[in-house]
Amino acid sequence: MKDRRRTILEAAARVIARRGVRGLRVEELAAEAGVSKALVYYHFEDRAGLLRSTLEFIGDRAERYTHRDPPAPQGPGAAVRDPGPSAHGPGPVVRAAGPAAHGPGSGPARREPDSTPHDPGPAPHGPGSALGELERRLLLELQDVPEIRENSTAWGELRAGAVFDPELREDLARVGVAWVREVADLLGQGSPAVPDIELVAAAERLTALLEGLSTRWLVGILPVGHARELMREAIAAEARRLDLPDRHAVCAAG
């Protein structure tokens, strides 16, 4: 039997993605999870504790699908493929509301018919390359897969909610710093001589861009393939800026 606490957190991520942080109601959450309100309060003392735990849950889920095997494509005929550098044309578009765009009555995400990119596959920077691993992890955040759409939308809603919630803002800041540090460390593996301040600045640019691209993809402004292409180009630009050893492979891949 699945752990009840995890069941509640999964339901919280769904409700936040659908309604936003300000639209989260314990009654709806309990119904979504199939548990009583009392059980929700048993596992989470208050709303702040619930939001903090949901944020951690979303982060853990993202770490799982970016550090290990990616989730399987969904739906009939779903394919595993990489859109490659020519993915600027029409592609799969997700009509899902992004940060602050949800509210009562907002509908579920709608996917246009098309096959979707899934696993970026072997990175062009060579096996074991730090840049290759960085590209793999960041591109795995941009997949038209239900779990990732939900995770990214919920993350955006938590960010939007933090504008009005100082306590949530602090929790998000801690998560954001850890993410930037992880990206900076991967960049540093490519060239330990680069000053840490430059690595952190590059990591901040890349993570901020990824969040922006993810939001534009989710609201249907960018096809997911084009978002991935822009992310690749940004990684290549940072590699050139930092003069990383395998930057030429990055440029060739772009």
Side-chain angles (χ1 to χ4, degrees), residues 3-63 65 93-111 141-180 204 207-222 224 227:
D3 176 69
R4 289 293 181 87
R5 189 176 191 277
R6 180 179 177 83
T7 297
I8 294 170
L9 289 172
E10 289 174 346
R14 291 194 298 272
V15 173
I16 290 173
R18 192 165 63 233
R19 301 289 191 191
V21 171
R22 302 183 81 181
L24 178 65
R25 299 289 180 270
V26 175
E27 295 83 354
E28 182 179 0
L29 170 58
E32 182 81 20
V35 301
S36 66
K37 288 173 56 178
L39 191 61
V40 174
Y41 285 118
Y42 171 78
H43 285 287
F44 309 97
E45 293 183 1
D46 53 22
R47 180 184 175 83
L50 173 62
L51 290 176
R52 184 180 305 111
S53 295
T54 304
L55 177 63
E56 292 171 357
F57 170 77
I58 289 171
D60 290 344
R61 192 160 62 173
E63 183 173 356
Y65 63 66
V93 178
V94 175
R95 308 292 183 186
H102 285 287
S106 60
R110 178 170 66 86
R111 180 171 52 189
E141 295 276 7
L142 296 167
Q143 298 182 84
D144 193 6
V145 176
E147 181 184 47
I148 295 176
R149 290 200 307 271
E150 178 183 282
N151 227 50
S152 297
T153 304
W155 171 258
E157 292 292 354
L158 286 162
R159 283 168 47 217
V163 174
F164 309 99
D165 187 335
E167 193 169 349
L168 179 57
R169 196 180 309 153
E170 292 178 7
D171 293 332
L172 273 166
R174 282 193 291 270
V175 173
V177 167
W179 187 24
V180 167
E204 287 175 335
T207 53
L209 176 64
L210 179 55
E211 287 182 329
L213 291 174
S214 179
T215 298
R216 290 194 174 199
W217 158 54
L218 288 168
V219 300
I221 296 175
L222 281 180
V224 67

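Owing to the predicted nature of the structure, the values given are computational and were not obtained by experimental measurement.
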* Check the pair Tyr41, Val26 against side chain to side chain contact (heavy atoms under 4.5 Å, CB included), reporting the backbone distance first and the verdict last. => CA-CA 9 Å; Tyr41 285 118; Val26 175; 3.4 Å; yes
* To do: I would like to know whether Trp155 and Glu141 meet side chain to side chain contact (heavy atoms under 4.5 Å, CB included); could you show each step before the answer?
  => CA-CA 12 Å; Trp155 171 258; Glu141 295 276 7; over 6 Å; no
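Within the 3.5 Å criterion, the main-chain N or O of Arg149 finds no donor-acceptor partner in the side chain of Ser152. Between the Arg22 side chain and the Arg19 main chain, no donor and acceptor come within less than 3.5 Å of each other. Not a single donor-acceptor pair under 3.5 Å links the side chain of Ser214 to the backbone N or O of Leu210.
Contact check for Val145 versus Tyr65: no side-chain heavy atoms found under the 4.5 Å cut-off. Using a 4.5 Å heavy-atom threshold, the side chains of Arg52 and Phe44 count as separate. Proximity of Trp217 to Asp144: side-chain heavy atoms (C-beta onward) are separated by under 4.5 Å at one or more points. Residues Ser53 and His43 are not in side-chain contact: their nearest non-hydrogen atoms beyond the backbone lie 4.5 Å or more apart. At least one side-chain heavy atom of Val15 sits less than 4.5 Å from a side-chain heavy atom of Arg18. Counting heavy atoms from C-beta on, the side chains of Leu51 and Leu24 come closer than 4.5 Å. Side-chain contact between Val175 and Asp171 is absent, with no heavy-atom pair separated by less than 4.5 Å. The side-chain heavy atoms of Arg47 and Asp165, taken from C-beta on, include no pair separated by under 4.5 Å.
With rounding to the nearest 0.5 angstrom, the CZ atom of Arg14 is 10.5 Å from the CD atom of Glu28. The OG1 atom of Thr215 sits 5.0 Å away from atom CZ of Arg159, with the distance rounded to the nearest 0.5 Å. The CD atom of Glu56 sits 12.0 Å away from the CD atom of Glu63 when rounded to the nearest 0.5 Å.
For the pair Glu150 and Ala17, the tightest heavy-atom approach, listed with the atom from each and the gap, is O-CB, 3.9 Å. The shortest non-hydrogen separation linking Ala12 to Thr54 is CB-OG1, 3.5 Å. Nearest heavy-atom pair, Ala227 versus Leu213, reported as atom, atom and distance to 0.1 Å: O-CD1, 3.5 Å. Between Leu172 and Leu55, the shortest heavy-atom contact is CD2-CD1, 3.7 Å. Taking both residues in full, the closest heavy atoms of Leu142 and Val224 are given as O-CG2, 3.6 Å, listed atom of the first, atom of the second, then distance. For the residue pair Ala13 and Ala154, the shortest heavy atom distance occurs at O-CB, 3.7 Å.
Residues Lys37 and Glu27 are paired through a salt bridge, judged by an N-O separation under 4.0 Å between the basic side chain and the carboxylate.
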